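Written below as structure tokens is the structure these notes are about.
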Number of protein chains: 2
Amino acid sequence: MSIPAPSSTTKDRILEVAVPLFASAGFDGVSMRAIATAVGIQPASLYNHFPDKQALYLNAMAYAFADKARGISETARAPGSPEARLHRFIDRFTALMAEDPDFRRLLQRELLDGDENRLRLVAQQVFREPFGAISALAQDLDPECDPHMLAISMAGLVLFHFETAPVRRFLPGMRVEQDSPSVIAEHVKRLLSRALARV
Amino acid sequence: MSIPAPSSTTKDRILEVAVPLFASAGFDGVSMRAIATAVGIQPASLYNHFPDKQALYLNAMAYAFADKARGISETARAPGSPEARLHRFIDRFTALMAEDPDFRRLLQRELLDGDENRLRLVAQQVFREPFGAISALAQDLDPECDPHMLAISMAGLVLFHFETAPVRRFLPGMRVEQDSPSVIAEHVKRLLSRALARV
DNA sequence: CATGAACTAACGGACGTTCGTTATCATGTG
DNA sequence: CACATGATAACGAACGTCCGTTAGTTCATG
């Protein structure tokens, strides 16, 4: 997924290992001992790099979210007609969520459990800029619609298909292709294009 | 919300207290001692009613999800034109999520952390029927569209606005009215009506 | 008197964290 | 070049706390 730097510091290796652990089990579900074991050091050694578990978690979040924000907003701000920008955004956003499940899971975990400070931090440092870009795109697509709400709807349409994948397996009418990123993207693009077509 | 039975057993009182605790802090975030304290009994007494914590959690889930399934599927299956049924479903579904945040949080927690057994249980005993109803409505609305994916999209459009509420507070363009159930319902209905209008 | 549900007390284990020590290694000095 | 120095990061061991759970006991109710 990401090219491991040849001269990676221990601190980076800890974060690299901690991100998927936190993404899959949450803050309370991952012990310092588990992280240390995964890195291959003793638990006490973690405290040479981070003052406490909370700091390690925040650094892991920042590590996981790095450059994601820029990637999203760039695709939304790219030139072209609103429809073309919409399609490019949906394609890219879907691919991003498919290729980095840790990012999506960390995000949804924060939405459930994040305290006010963490949520403000994530909102301002990660989502403010790309969300502004999506909102601007939304306004170009349908000037009469609240751009804030339309932006949320656009992102939610994509995300919810990933979010529900583990339970959709057990529901009727499920076909494996419905989990494929390209199928999801096509479905969302079709829905949004028709909803937002100039009248 | 729900009428408390006058002759409620201790078992019911435990579940009643455990549901919001589990909904807000998750399985690992709620100790047996915390539940016992909230009920007003000793931790050991919980084991007179449930063999272990896992069983208590499963019963709490069943308790929280009871009758929700029936409520959802009834609104989706009600008679009328597809458009009218869509509007009624969105209205009712939105109201349901707004008035019972515990249900929504428990659901999203399961989507994140539920193991295969729990997810299958939830899918088959809670969502199979209402999801079928929504899918049927989706097929009536747009026979050319995959009803499974359209049903997911319809639910996701509503849910994502609630899910992101805690972080939207810190994003630009936010106005308080965007958290109101009726505004969310109107937004979603408008979007879906236009997307699914007969060509 | 039998039964079920409450109590008090405690067990064993996992957890976050701290402590004192050791090993590695780049750097400055004779 | 040889060697002391200081910083960094690893280690093993332990502390205090909280957890899920169990055991044994009391007590009210039928």
Side-chain angles (χ1 to χ4, degrees), chain A residues 4-64 106 109-110 112-115 117-118, chain B residues 4-64 106 109-110 112-115 117-118:
Chain A
S7 68
S8 70
T9 66
T10 302
K11 193 166 182 172
D12 285 338
R13 277 194 298 124
I14 293 171
L15 294 178
E16 207 167 318
V17 158
V19 164
L21 291 179
F22 280 132
S24 71
F27 183 85
D28 288 333
V30 182
S31 68
M32 294 296 266
R33 284 167 171 83
I35 298 173
T37 300
V39 178
I41 59 177
Q42 292 296 318
S45 303
L46 295 173
Y47 290 84
N48 289 323
H49 306 277
F50 305 96
D52 53 27
K53 190 184 184 181
Q54 170 94 359
L56 200 166
Y57 179 75
L58 285 177
N59 275 270
M61 283 231 312
Y63 185 88
L106 273 181
R109 231 172 249 295
E110 283 303 309
L112 261 180
D113 292 325
D115 57 38
N117 289 330
R118 281 217 303 264
Chain B
S7 68
S8 70
T9 65
T10 303
K11 193 165 180 171
D12 284 338
R13 279 193 299 123
I14 294 171
L15 294 178
E16 206 169 318
V17 157
V19 164
L21 290 178
F22 280 132
S24 69
F27 183 84
D28 288 333
V30 182
S31 68
M32 295 295 267
R33 283 166 172 83
I35 298 172
T37 300
V39 178
I41 60 177
Q42 292 296 318
S45 301
L46 295 173
Y47 291 84
N48 287 323
H49 306 277
F50 305 96
D52 54 26
K53 189 183 184 183
Q54 171 92 359
L56 200 166
Y57 179 76
L58 285 176
N59 275 270
M61 283 230 313
Y63 185 88
L106 272 181
R109 230 172 250 296
E110 283 304 310
L112 261 180
D113 293 324
D115 58 35
N117 289 331
R118 280 217 304 263

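This structure is a prediction, so every number in the text was calculated from the model and none was measured. Heavy atoms only: backbone and side chains are in, while hydrogens, waters and symmetry mates are out.
Pairs of residues two or more places apart, or lying in two chains, that qualify as side chain to side chain donor-acceptor pair (under 3.5 Å) and include a residue from residues 51-62 of chain A are A/Tyr57-A/Glu110. Note on residues 30-55 of chain A: no pairs pass ring-ring contact (aromatic ring centres under 6.0 Å, His included), not counting sequence neighbours.
In this structure, A/Leu46 places its CG atom 13 Å from P of C/dT18, rounding to the nearest Å.
The closest side-chain heavy-atom distance from B/Arg109 to A/Asp113 is below 4.5 Å.
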Check residues 22-41 of chain A and write down every donor-acceptor pair under 3.5 Å in which the side-chain atom is one partner and the other belongs to a residue at least two apart or another chain.
{"unit_1": "A/Ser24", "atom_1": "OG", "unit_2": "A/Pro20", "atom_2": "O", "d": "3.2"}
{"unit_1": "A/Ser24", "atom_1": "OG", "unit_2": "A/Leu21", "atom_2": "O", "d": "3.4"}
{"unit_1": "A/Ser31", "atom_1": "OG", "unit_2": "A/Ala34", "atom_2": "N", "d": "3.0"}
{"unit_1": "A/Thr37", "atom_1": "OG1", "unit_2": "A/Arg33", "atom_2": "O", "d": "2.8"}

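Under the rule for a side-chain hydrogen bond (donor to acceptor under 3.5 Å, both in side chains), the partners of B/Asn117 that lie at least two apart in sequence or sit in another chain are B/Arg120.
Considering all non-hydrogen atoms of both residues, A/Leu56 and A/Ala18 come closest at CD2-CB, 3.8 Å. The shortest heavy-atom contact between B/Val19 and B/Ala64 is CG1-CB, 3.8 Å.
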- Query: What string of B, S and - do you get for nucleotides 5-13 of chain C, 5' to 3', if B is base contact, S is sugar-phosphate-only contact and - is no contact with any protein heavy atom under 4.0 Å?
  - Reply: SBBB-B---
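If you take CD1 on A/Ile14 and CG on A/Leu46, they are separated by 5.0 Å, rounding to the nearest 0.5 Å.
Chain B approaches DNA chain D within less than 4.0 angstrom (heavy atoms of the protein), and the contacting nucleotides run 5' to 3' from D/dC19 to D/dA23.
Of the residues in residues 22-32 of chain B, B/Val30, B/Ser31, B/Met32 come within less than 4.0 Å of DNA chain D through at least one heavy atom, sorted by number.
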